[in-house]
Structure formats: C-alpha cells, structure tokens
Amino acid sequence: EAGVAQSPRYKIIEKRQSVAFWCNPISGHATLYWYQQILGQGPKLLIQFQNNGVVDDSQLPKDRFSAERLKGVDSTLKIQPAKLEDSAVYLCASSLRLGTSADTQYFGPGTRLTVL
Amino acid sequence: KNEVEQSPQNLTAQEGEFITINCSYSVGISALHWLQQHPGGGIVSLFMLSSGKKKHGRLIATINIQEKHSSLHITASHPRDSAVYICAVRGGAQKLVFGQGTRLTINP
C-alpha cells in the first residue's frame, strides 16, 4: 500500500515570497491533516479536513496560510507571503475515519521549508 | 504550561540499556499515541493506548489514566532505535496534541 506522498521535499524561499505544498493521502482515507513542526518542537495541527470539508482550522494563520482539498483527495497548503518564522517542516497525515479506532494517522515524509 | 509534557528532552545511552521515556498530560483524553520520528522528518505510529499496556517487539507502552501519565520503554536498546519519540494525546474535538519530543541517541 502506498503511503502519504508529499512534494516538494525541500523548499528554500525568501521572505515575502509565496510557496505551495502538495499532499496525496493514502487511498480511501477520508481525513487529512496538515501539521507545522518547528525545529525542536512537536507537530502543531494547522488544519484538518474530513473529505473536502474543514473540521478544524483554529490554529491556521489565516492571514497568510490557506489550504484546500477540493475533491476530497489531494490537498494543497499555501503560504503567502512567507515570514522567517514559517521555517519548519510541514507534515501531511491521513487517517481512515475520524473518531474511530481506525483513526491512526499515517504521516508523509514532510516538506522542509526554509525562509531566508 | 504545555498540555503534554515529555521527559527527558534528550537521552543518550549505551547499546543494550533499558530506556524509559515519560509523558504527562493535563487534559482528559480518549487515546494516547507514541510516535517515532527519524532524521528527515518521517513519523511512524508506534502505539495507540487508551488503557493498560501494549507490547510490540522490544517496545512497551503503558498508560495510567488516573495519574495522566504514560511511559514508553525500550528493552535491549540498539543504535537503530535512535530517533525522536513523540507522545500525542487525543483530547476534545478529536484533535491530537503533541509533546515536544524526546531525542534518543543509542551509542554502540
């Protein structure tokens, strides 16, 4: 079974530029998560989708971050404009069904963003 | 104070030693997860616990709901166990809250 795919793996941009990350979850997984992991810290949830609807985006800095999952499968996370403090690893995860014993999350390899 | 606290933050040990990593949380939870993160960012789920104890190979995870505490043990540690171990709890609204991680280094 293929895992969660993310691209790109690495991205270096200058502050005030825009960047987009892509995630393809495990086939059939209804729930998709985007996390931000700053160096030395645990992941922080940015946004959670159930199919193509947003379940939780309370920690998403909506003035600069946006995410979509239009067809309930792939998702993109965008930052516009980027700030220095956005340098982090952006992790995508998916799970079969939220709120059940099948909600073990499977993580992608992450995208390491460096903002200069 | 963070909702999930792990200790120690860093741990270095010799191959073969028995390892214990602790996780304390301050909120009501429905489940607790132990995750392993290798250099490069990939995260693997090791255990999901809601009570008692689980064992998988050399790894053992325990949870005490009354004391809001969980431990991850590694027996006969090996250099390939070197990684960051993260505790995460599923609280209200089914959201996962993560600890800051414990960086484990096992020297040969």
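So that the names make sense, note that chain A is the first sequence line, chain B the second, and so on, each numbered from 1.
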Next on the checklist: Treating A/Gln6 as the side-chain partner and A/Cys92 as the backbone partner, does any N or O pair qualify as donor plus acceptor under 3.5 Å?
Outcome noted: yes
Next on the checklist: Tell me which pairs pass side-chain hydrogen bond (donor to acceptor under 3.5 Å, both in side chains) where either residue lies in residues 12-21 of chain A, with sequence neighbours left out.
Outcome noted: none
Checklist outcome for this item: Residue set satisfying salt bridge (Lys or Arg N to Asp or Glu O under 4.0 Å) with A/Lys62, at least two apart, ordered chain then number -> A/Asp57
Checklist outcome for this item: Ordered numerically, the heavy-atom neighbours of chain A under 4.5 Å found in residues 51-59 of chain B are none
Checklist entry - ring-ring contact (aromatic ring centres under 6.0 Å, His included) between A/Phe107 and A/Tyr35: does it pass, once the steps are laid out? => result CA-CA 10 Å; A/Phe107 286 81; A/Tyr35 293 93; 5.7 Å; yes
Next on the checklist: If the condition is ring-ring contact (aromatic ring centres under 6.0 Å, His included), which residues does B/Tyr25 pass it with, not counting sequence neighbours?
Outcome noted: none
Next on the checklist: If only side-chain N and O atoms count, and only distance matters, is there a donor-acceptor pair under 3.5 Å linking B/Thr102 with B/Gln6?
Outcome noted: yes
